[in-house]
Protein chains: 2
Amino acid sequence: MIEVHRIVETRLKGVGQRYTPKRRALVEALRRTEKPVPIPDLADGRRGLPQSSVYRNLAVLEQVGIVHRVVTGEEFARYELAEDLTKHHHHLVCKTCGKVEDVTVPVGLERSMARTVSAVAGRAGFSGVSHQLDLIGTCRSCGQNDK
Amino acid sequence: MIEVHRIVETRLKGVGQRYTPKRRALVEALRRTEKPVPIPDLADGRRGLPQSSVYRNLAVLEQVGIVHRVVTGEEFARYELAEDLTKHHHHLVCKTCGKVEDVTVPVGLERSMARTVSAVAGRAGFSGVSHQLDLIGTCRSCGQNDK
DNA sequence: CTTCCTGCAAAAGTTTTGCATTAAC
DNA sequence: GTTAATGCAAAACTTTTGCAGGAAG
């Protein structure tokens, strides 16, 4: 998946930014994990990236559409690679422990959602509308602890 | 819709809490507005509720399932009445100005989503799963400003 | 009269910013 | 050489908490 890095580099250069080793490390970390990563996990890691660099670099990468900020209501925000670089997917969120997993749904449902979403949004005067479906429930281990 | 207040009162009493005038004012404010309300709008308003009271009361009301916290990635969180007291709906969010509107989608799509969601979630070991569909785009006025 | 609510001020916690230094082009 | 990235520390900002006084049951 060198592909990904080439794309990132191109996007950054397009706005006069550099694809430094630190930024590459961030992208690598996000690419490895199949779920949105909380910010402290990107900072404290063995890479020893200082917080300010993590926040600043994620902001830059978000501006060029490489990463996507996922807000879940937890203490920290999470980041994932943007769907340009991955696949369209949704999130399965545990309302108790905050765990987030990526999931996909059947294409039939995706098509229905896309169709309906653009109709509904158009009626309300919105344009360029995408959708985001989150599934919120209790994960197996939190469910067991409750009993 | 005195109904609503009776329900709130019952829920609060159930956990040894009181339905005070301040709390009633909060519920009223949320009931009047057909969209999630940012916290400062509940605080600075003519009611002059101090921030700490707003935050504490919303937390209590959330615990008894009367209100629902909506996190959008904006500076402030928003709150709305929980779906027990309103209707199942979704949010249309402007990615530029942050504006949020309530929308509903056809029941056919709701049914498809509910069915798929529980299947997908069950496979992942999650239980008690509900869904949340957000439509994210650009509202009319932000779209005009861009040109 | 006991328990909960209120409001102010202070604390906590996440995210942003200033500034001097270092690295990239 | 010029422009951008880094890292530290401090600031900004939202949200939470402690505590004393007041209201509710």
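Naming convention: chains lettered A, B, ... in sequence-line order (proteins, then strands); numbering from 1 in each chain. What you see is a predicted model, and the numbers here were worked out from it, not measured in a lab.
Residue A:Asn57 places at least one side-chain N or O under 4.0 Å from the OP1 or OP2 atom of D:dT6. The side chain of A:Tyr55 places no N or O atom within less than 4.0 Å of a non-bridging phosphate oxygen (OP1 or OP2) of C:dT16. The phosphate of C:dG7 has OP1 or OP2 within less than 4.0 Å of a side-chain N or O from B:Lys22. Close to D:dG7, at under 4.0 Å from its OP1 or OP2, lies no side-chain N or O of A:Gln51. Side-chain nitrogen and oxygen atoms of A:Ser52 include none within less than 4.0 Å of the OP1 or OP2 phosphate oxygen of C:dT16. Side-chain nitrogen and oxygen atoms of A:Ser53 include at least one within less than 4.0 Å of the OP1 or OP2 phosphate oxygen of D:dG7.
To the nearest 0.5 angstrom, B:Thr33 atom OG1 is 11.0 Å from B:Glu80 atom CD.
Looking at heavy atoms from C-beta onward, A:Lys87 lies out of side-chain contact with A:Thr104 at the 4.5 angstrom threshold.
If you measure from atom CG of B:Leu58 to atom P of D:dT14, you get 16 Å, rounded to the nearest angstrom. At whole-Å resolution of the value, CD in B:Glu75 and C1' in D:dT14 are 10 Å apart. The nearest whole Å value for the distance from the OH atom in A:Tyr19 to the C1' atom in D:dA4 is 17 Å. Whole-Å rounding puts the B:Arg23 CZ to C:dT6 P distance at 5 Å. Per the geometry, CZ belonging to B:Arg78 stands 15 Å off C1' belonging to D:dT14, to the nearest Å. Straight-line distance from the CD atom of B:Gln63 to the P atom of D:dT16: 11 Å, rounded to whole Å. Atom CD of B:Glu74 and atom P of D:dC13 are 16 Å apart (whole Å). Atom-to-atom, CZ of A:Arg24 to C1' of D:dA5 comes out at 16 Å; the value is rounded to the nearest Å.
Heavy atoms of other residues, nucleotides or ligands lying less than 6.0 angstrom from CD of B:Glu34 number 12 at most.
Between the side chain of A:Arg56 and the base of C:dT16 there is no donor-acceptor pair of N/O atoms closer than 3.5 Å. With hydrogens and angles left out, the side chain of B:Arg18 and the base of C:dC5 share no donor-acceptor pair within 3.5 Å.
Comment: B:Arg6 does not engage B:Glu9 in a salt bridge, judged by the lack of any side-chain N to carboxylate O separation of less than 4.0 angstrom.
Nearer to the 5' terminus of DNA chain C, by closest-nucleotide assignment, is the contact made by A:Tyr79 (compared with the other of A:Tyr79 and A:Lys13). Residue-to-nucleotide proximity on DNA chain D shows that, of B:Ala59 and B:Pro21, the 5′-proximal contact is made by B:Ala59. Take the nearest nucleotide of DNA chain D for B:Phe76 and for B:Thr20: the residue whose nucleotide is more 5' is B:Phe76.
Comparing C:dT16, D:dT15, C:dC4 by their nearest atom to the side chain of B:Gln17 picks out C:dC4.
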Worked check of side-chain contact (heavy atoms from CB on, under 4.5 Å) between A:His91 and A:Lys35: CA-CA 8 Å; A:His91 293 139; A:Lys35 45 190 79 163; over 6 Å; no

